[in-house]
Amino acid sequence: MEFGLQKEGLSKDEVMSLLDWARKRDLPYSRILSSMCTDPHPIAVEAHVKFIEANLGDAGLFPGTKCIECKVVRMLGSILGNPDAVGYITTGGTESNIQGIRSARNMAKRKHPNIIVSESGHFSFDKIADILQVEVRKASLDENFMVDLGSVEDLVDENTAAIVGIAGTTEFGQIDPIEGLSNIAQKEGIFLHIDAAFGGFVIPFLEKEYKFGFEVDGVTSISIDPHKMGMSTIPAGGLLFREKRFLKGLSISTPYLSTKAQYSLTGTRSGGAAVATYAVLMHLGYDGLKKSALRCVNMAKMLVDRVENFGVYPIVDPIMNVLALDVPKIEKVLLMLLVRGWRVSVTRKPRALRLVIMPHTTEENLNLFIEDLKEIVKNC
Ligand code: 0PR
């Protein structure tokens, strides 16, 4: 019965020691430079635990939690240029993207719907192709790893249900030309979904202004993830629509629940994560979020300056805290970094060393990483 359910239960201490065993095998975030998640803010943890049983899937039973979710949506809307946007707290970027495209597909009523996303799109769009039965057309990238507008125009046809713009690509941290995409979408009367799952909590705080939110007229919906740069607990994603009718397009009747309809993908869903997001946003405010985001962006810049001294250059000028570095003999370098306990990742095309500098990264650890990288590159 080693792996099955035991007939008799264990004591709390015994269970906890099993958990401790598992916990020790998990990696602490300190040496992880590959993740877009991070240690949640302590206030998020406290808030989540306080609302641990709250189920937003039956919101009529939890009106207090629902009220907080509405306030979170309003705050996310204000970060994204429209406090009146409507939406809900999802399980993350994947659900937000699925639901954004589901709304677009349902509204467009095309016979053989297709959507257009760049080659740099997150793999959630490949899941979308399968789940929603839409053709996902991949637009090519320009020399800066942003979507090529000409390629998007070439791919649009009468069956296009949505165009997707990415504000903070997973691999390169680049921002698609959202205003250009908006022009195409508006000209053709097509839904424009923005995947700002990562960039939503970074781009608004950058010194240079990038228009990517609802201030761009053609933008219909946006994904923005509190469980990434928003330092909330997992699972906390955000999906926002410019107008209520797009959310209504997702509505399913729920006759025996305390509410008449449900627009989320999952039924039962975490109130804890929504409240955790509220706690972080209220506690940090605009200034605190900006400070945290810029700290990461500045550390990323510092890293680039330092590695350039030993001949390692970014393959594209970084805009935010996602870096793709061109290192010689990359496979060997990746292995040596792993041996030294660093968790890094690699981009698909071209193969480059991908680093994400998150709130858990300290300057001290980054210095250790740079020293290790320098030594490894020298000896490779
Ligand atoms: N959109 C973008 C732009 C993303 O970067 C991601 C995830 C998603 C959507 C999907 O979000 P969810 O994973 O919340 O559904 N980006 C990271 C990635 O796939 C997520 C990640 C996080 C990966 C932590 C690893 C990790 O340790 O690379």
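Fair warning: this is a prediction, and the values are worked out from it, not measured in the lab. First listed ligand is number 1; within each ligand, the first listed atom is number 1.
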- Query: For Glu46, does the CD atom sit with more than 12 other heavy atoms under 6.0 Å from it, leaving out its own atoms?
  - Reply: no
[X] versus ligand 1: do any nitrogen or oxygen atoms come within less than 3.5 Å of each other?
X	value
Thr169	no
Ile166	no
Thr91	no
His122	yes

In the protein, what heavy atom is nearest to [atom], and what distance, to one decimal place, separates them?
atom	result
atom 11 (O) of ligand 1	Lys228 NZ, 2.8 Å
atom 1 (N) of ligand 1	Asp195 OD2, 2.7 Å
atom 28 (O) of ligand 1	Thr170 CG2, 3.4 Å
atom 16 (N) of ligand 1	Met36 SD, 3.5 Å
atom 26 (C) of ligand 1	Ser35 OG, 3.3 Å

Using a 4.0 Å heavy-atom cut-off, say whether [X] meets ligand 1 through its side chain, its backbone, both or neither.
X	result
Thr94	both
Glu95	neither
Asn97	side chain

- Is the Phe205 ring parallel, tilted or perpendicular to the Tyr286 ring (thresholds 30°, 60°)? perpendicular
- Would Gly237 count as a contact of ligand 1 if the rule is a heavy atom under 4.0 Å away? no
- Compute the minimum heavy-atom distance from Gly168 to ligand 1 and say whether it is under 4.0 Å. yes
- May I ask you to list the atoms of ligand 1 that are less than 4.0 angstrom from any heavy atom of Asp225? 11 (O), 14 (O)
Side chain of [X], backbone of [Y]: donor and acceptor closer than 3.5 Å?
X	Y	answer
Ser151	Ala139	no
Thr347	Lys349	no
Asp225	Lys228	no

- Task: State whether any protein heavy atom lies less than 4.0 Å from atom 22 (C) of ligand 1.
- Result: yes
- Message: Between Arg269 and Glu95, does any side-chain N to carboxylate O distance fall below 4.0 Å?
- Response: no
